Trainee: 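Quick one: the structure is below, questions incoming.
Because the structure is a prediction, the values reported are computed rather than measured. Just so you know, these numbers use all the heavy atoms, side chains as well, and skip hydrogens, waters and symmetry mates.
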Amino acid sequence: MSLPQIQRRTVLKGVAAATAALAAPRVFDAAAAAAPAGKGVFGYGVASGDPTGTSVIIWTRATPPARPGERIAAPGSGCGRSIPVQWQVARDERFTRKVAHGTVHTTADSDHTVKVDVTGLDPYTQYYYRFHSLGEYSPVGRTRTAADIPGEVHALRMALVSCSNYTGGYFTAYRAIAERDDLDFVLHVGDYIYEYGNGADRYGPKELVGVRDAQPATEILDLEDYRLRHALHKADPDARAAHQAHPWITIFDDHEVANNAWADGAENHQANEGSYLARRNAALKAYLEWMPFRLPDQSVSHQGTRFFKRFSFGALGDLSVLETRQNRSKQVSYPQSPLDGFVPIGVSPAIDGALASPQRHLPEPEQLTWIKDGVSTTGRRWHLFGNQVMITAVRYPGSALGAGNVLFVNADQWDGYAADQASLLGHLGAQPAAAGDVVVLTGDIHSSWAADLQAGSTPAGVEFVTPSVTSDGFYEIVRSFLGNPAPETAVGATRQITGAVQQLNPWVKYLDGVGHGFTVIDVTPERVQADFHHTPVPTSAAPDPRVNPGVLPTYTRSFRTLAGTRRVSAATGPVGPRTDQPR
């Protein structure tokens with residue numbers, strides 16, 4: 001079944017154009033995002049992140065109470081006095097065995113966020129933490145350090161998430177993650193927030209208009225905006241619960257700034273919106289304030305600010321977190337494309353030449369060298385990549401896009417930077433068995449994938465792609481373009497299209513374009529397994545499970561890669577209990 005022609009500036013993620021809502025001046029309205037600021041000092045909860053063997057970041061937002069005549073110190077407002085904040089880390093929830101403590105001061109300069117890099121901890125150990133200020137205690141957070149013990153192998157299990165659009169649905173995936181006690185951390189590989197507003201650019205189901213609205217109400221452009229949008233996410237109870245229950249490892253993608261970003265601009269940034277670089281600087285400042293993120297050593301060769309980093313887990317493996325937005329070349333474009341960001345191959349020498357050009361880069365050359373060097377490290381069974389956009393080569397049939405028999409690629413993914421893609425995959429395929437195997441963990445495309453990575457005919461590793469938490473996927477796009485038929489009809493059409501993609505790309509072993517949710521990644525010396533957890537299949541009785549806060553994603557399918565094979569294979573069921581537990 002073919003899709004009708006899709007208007008320009010509509011992307012696979014289901015985003016419409018975003019200019020109409022900017023016509024009216026923005027009024028600072030902190031209603032939803034600022035509500036926790038009026039509920040005590042620690043209304044935004046707590047979070048932890050970037051766990052190493054001996055350290056972890058702990059985070060909160062400490063709101064100073066407003067004095068008579070003062071404006072409340074809402075996020076982004078620039079208001080509020082400096083206040084002292086005490087922090088404590090202990091081995092037990094009652095804090096009878098404290099291991100670290102201290103005091104910091106927070107001000108409006110950091111939007112009253114607090115980040116502490118707690119060091120001197122023991123590896124593979126569970127800890128509890130809390131904050132105290134002005135007579136109030138924060139909620140108690142749970143965190144754990146990494147099993148980074150030379151020569152030792154311990155269990156490693158994480159939740160993989162991506163694309164959490166607030167107006168796109170309830171964060172029930174986060175709630176399901178919060179209810180688990182078997183995770184070492186949550187890996188969020190991008191699009192933690194979205195930049196769109198509530199007007200013509202609104203992104204999400206109509207049932208949530210007036211229920212889950214963006215704050216501020218218009219597209220976010222400056223520091224005040226980005227701070228308030230981050231606060232909106234921390235105000236969500238399911239997001240707060242997931243942050244409180246587990247440490248997070250995160251990296252931004254494009255929507256933390258603007259859609260389809262590159263080094264000097266973005267698809268969703270227009271000339272009348274001011275300087276793109278000023279906008280990006282504001283967005284990244286807010287990201288670093290509101291996320292439990294540790295900037296890595298800046299002496300490693302890089303361009304701009306270094307955000308890419310690596311975590312180690314003893315002899316079991318490592319996790320390299322890539323950053324592919326700050327320094328990437330502008331995407332190849334094709335104005336007549338049926339999908340924004342998709343370009344045809346084999347019909348234009350100019351497009352084919354641009355896609356293949358070695359002068360165009362996704363990560364900067366220094367980062368690509370760093371990636372390759374990490375993969376060449378021996379003595380570790382697995383090299384995991386936390387990665388924003390798909391590395392797997394994927395050709396999309398034009399017949400499924402309403403574009404005849406022409407083949408398309410998504411130019412925003414590694415396919416749009418074929419020289420970098422070939423260089424990396426060739427390096428992976430050339431690694432000896434002693435170097436271990438690569439497993440790429442990706443998000444961005446709002447669907448679930450398990451695919452073989454290949455360097456020609458040589459196995460190079462595997463890629464598991466997690467569905468979106470809420471953002472529109474294949475199903476929502478197909479249903480909209482078909483005129484909103486019965487959900488069962490749209491599900492069938494979606495599966496017909498994804499089946500055609502698999503048939504054209506036989507190295508894609510699994511593709512689901514209907515469910516939203518998260519993926520559990522479990523790592524042992526023998527295999528890496530991905531358990532996909534999805535929202536229910538839409539029906540006429542429940543056409544959009546994202547709008548029901550009582551419907552959580554549940555387990556659906558599992559795939560794995562066995563050590564030494566560098567291939568995807570089916571698994572018979574979900575992972576069982578952990579092989580061991582942290583101290």
Trainee: Test side chain to side chain donor-acceptor pair (under 3.5 Å) on H516 and E476; report intermediate values, then the result.
Mentor: CA-CA 11 Å; H516 302 275; E476 287 80 16; 2.8 Å; yes
Trainee: What is the minimum heavy-atom distance between V394 and V501, and which atoms define it?
Mentor: CG1-CG1, 4.1 Å
Trainee: Quick one: which of D191, D444, T324, D254 gives a side chain to side chain donor-acceptor pair (under 3.5 Å) with Q388?
Mentor: T324
Trainee: Using only atom types and a distance under 3.5 Å, with no angle test, would you say the side chain of T167 pairs donor to acceptor with the backbone of N198?
Mentor: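 Not a single qualifying donor-acceptor pair exists.
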Trainee: So, the side chain of N327 versus the backbone of P363: is there a donor-acceptor pair under 3.5 Å, distance only?
Mentor: no
Trainee: Check whether the ring centres of F293 and W248 lie less than 6.0 Å apart, and answer yes or no.
Mentor: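 That pair fails the under 6.0 Å test.
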Trainee: Under the 6.0 Å and 45° cation-pi test, does K234 pair with W59?
Mentor: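 Geometry flag: set, cation within 6.0 Å and 45°.
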Trainee: I'd like to know if the side chain of Q326 and the backbone of T305 have a donor-acceptor N/O pair within less than 3.5 Å.
Mentor: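 Yes, Q326 side chain to T305 backbone: donor-acceptor pair under 3.5 Å.
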Trainee: Within a strict 4.5 Å, meaning less than it, do heavy atoms of the R279 and N281 side chains meet?
Mentor: no
Trainee: Return the orientation label for the H233 and F171 ring planes: parallel under 30°, perpendicular over 60°, tilted otherwise.
Mentor: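 Tilted.
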Trainee: For the pair R546 and D472, evaluate salt bridge (charged side-chain N to carboxylate O under 4.0 Å, His left out) and give the outcome as yes or no after the intermediate values.
Mentor: CA-CA 10 Å; R546 297 175 301 167; D472 286 1; 2.8 Å; yes
Trainee: Could you tell me whether the side chain of N505 and the main chain of V508 form a donor-acceptor pair under 3.5 Å?
Mentor: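 Checked: no pair found.
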Trainee: State which residue, out of Y192, Y194, Y174, fulfils the side chain to side chain donor-acceptor pair (under 3.5 Å) condition with S164.
Mentor: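 The residue from Y192, Y194, Y174 that satisfies side chain to side chain donor-acceptor pair (under 3.5 Å) with S164 turns out to be Y174.
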Trainee: How far apart are the closest heavy atoms of S447 and D512, and which atoms are they?
Mentor: CB-O, 3.3 Å
Trainee: Within 45° of the ring axis of Y166 and under 6.0 Å from its six-membered ring centre, is that where the NZ or CZ of R212 lies?
Mentor: yes
Trainee: For the residue pair F474 and W449, does the interplanar ring angle fall in the parallel (under 30°), tilted (30 to 60°) or perpendicular (over 60°) class?
Mentor: tilted
Trainee: Are side-chain heavy atoms of F308 and L322 found at a separation under 4.5 Å?
Mentor: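 The answer is no; the side chains never approach within 4.5 Å.
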Trainee: Are there over 12 heavy-atom neighbours, none belonging to K509, within less than 6.0 Å of that residue's NZ?
Mentor: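 More than 12 heavy atoms, drawn from other residues, nucleotides or ligands, come within 6.0 Å of this atom.
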Trainee: Carefully, step by step, assess F342 and Y334 under the rule ring-ring contact (aromatic ring centres under 6.0 Å, His included).
Mentor: CA-CA 7 Å; F342 279 56; Y334 180 65; over 10 Å; no
Trainee: Check the pair F532, Y510 against ring-ring contact (aromatic ring centres under 6.0 Å, His included), reporting the backbone distance first and the verdict last.
Mentor: CA-CA 11 Å; F532 292 93; Y510 172 64; 5.1 Å; yes
Trainee: Using the rule given for salt bridge (charged side-chain N to carboxylate O under 4.0 Å, His left out), can you reason through R395 versus D415, listing the C-alpha separation, both sets of side-chain angles and the distance that settles it, and then say yes or no?
Mentor: CA-CA 9 Å; R395 303 295 182 257; D415 276 331; 3.4 Å; yes
Trainee: About how many Å separate CG of D181 and CG of L183, when rounded to the nearest 0.5 Å?
Mentor: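 One gets 8.5 Å once the value is rounded to the nearest 0.5 Å.
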Trainee: Taking it one step at a time, do H246 and F185 satisfy ring-ring contact (aromatic ring centres under 6.0 Å, His included)?
Mentor: CA-CA 6 Å; H246 310 289; F185 55 87; 9.9 Å; no
Trainee: Please lay out, stage by stage, how Q331 and N260 fare under the test side chain to side chain donor-acceptor pair (under 3.5 Å).
Mentor: CA-CA 8 Å; Q331 297 89 339; N260 282 7; 4.9 Å; no
Trainee: Determine whether P487 and R479 make a side-chain contact, defined as any pair of heavy atoms from C-beta on separated by less than 4.5 Å.
Mentor: yes
Trainee: Would you say N165's side chain and Y203's backbone share a donor-acceptor pair under 3.5 angstrom?
Mentor: yes
Trainee: Check whether any side-chain N or O of E463 sits under 3.5 Å from a backbone N or O of V440 as a donor-acceptor pair, and report yes or no.
Mentor: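 Answer holds: no.
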Trainee: For the residue pair V85 and T106, what are the closest heavy atoms and their distance?
Mentor: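 Reported closest heavy-atom pair: CG2-CG2, 4.0 Å.
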Trainee: As a quick check of understanding, evaluate salt bridge (charged side-chain N to carboxylate O under 4.0 Å, His left out) for R325 and D253, giving each step before the final call.
Mentor: CA-CA 6 Å; R325 288 293 171 183; D253 192 20; 2.7 Å; yes
Trainee: Hey, could you give me the CG/OH distance between L552 and Y170, rounded to the nearest 0.5 Å?
Mentor: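 Rounded to the nearest 0.5 Å, the CG-OH separation comes out at 13.5 Å.
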Trainee: Kindly indicate whether the side chain of V520, heavy atoms from C-beta on, has any atom under 4.5 Å from the side chain of R157.
Mentor: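 Yes; the side chains approach each other to less than 4.5 Å.
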Trainee: Can you find a heavy atom in the side chain of F464 that is under 4.5 Å from one in the side chain of T442?
Mentor: no
Trainee: With side chains defined as the heavy atoms from C-beta onward, is the minimum distance between T63 and F42 less than 4.5 Å?
Mentor: no
Trainee: Ignoring hydrogens, what is the shortest heavy-atom contact between R229 and T218? Give both atom names and the distance.
Mentor: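 Minimum heavy-atom contact is NH2-O, 3.4 Å.
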Trainee: Ring centres of Y555 and H534 under 6.0 Å apart?
Mentor: no
Trainee: Let me confirm one number: the NZ-CD distance from K330 to E267, rounded to the nearest 0.5 Å.
Mentor: 10.5 Å
Trainee: How long is the straight-line distance from CH2 of W414 back to CG of L362, given to the nearest 0.5 Å?
Mentor: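 Those atoms lie 5.0 Å apart.
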Trainee: Report the C-alpha distance between E488 and S540 in whole Å, list the side-chain angles of each, state the deciding distance to 0.1 Å, and finish with yes or no for side chain to side chain donor-acceptor pair (under 3.5 Å).
Mentor: CA-CA 7 Å; E488 293 84 355; S540 296; 2.8 Å; yes
Trainee: Sub-3.5 Å donor-acceptor pair from the side chain of S471 to the main-chain atoms of S468, do we have one?
Mentor: no
Trainee: Could you go step by step and tell me if F252 and Y287 meet the ring-ring contact (aromatic ring centres under 6.0 Å, His included) rule?
Mentor: CA-CA 8 Å; F252 55 86; Y287 184 88; 5.7 Å; yes
Trainee: Grab the two heavy atoms, one from G197 and one from D201, that are nearest each other, plus how far apart they are.
Mentor: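 Scanning both residues completely, I find the closest heavy atoms to be N-OD2, 2.7 Å.
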Trainee: Do V209 and R202 have side-chain heavy atoms sitting under 4.5 Å apart?
Mentor: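 A side-chain contact under 4.5 Å exists here.
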Trainee: Ignoring hydrogens and angles, tell me if any N or O in the side chain of Y129 forms a donor-acceptor pair with the backbone of A47 under 3.5 Å.
Mentor: yes
Trainee: Side chains of K285 and L223, heavy atoms from C-beta outward: is any pair under 4.5 Å?
Mentor: yes
Trainee: Would you name the heavy atoms of S558 and D531 that are closest together and state the gap between them?
Mentor: OG-OD1, 2.5 Å
Trainee: Report the C-alpha separation of D412 and R328 in whole Å, then their side-chain angles, then the decisive distance to 0.1 Å, and conclude whether the salt bridge (charged side-chain N to carboxylate O under 4.0 Å, His left out) test is met.
Mentor: CA-CA 10 Å; D412 190 56; R328 73 155 65 192; 3.0 Å; yes
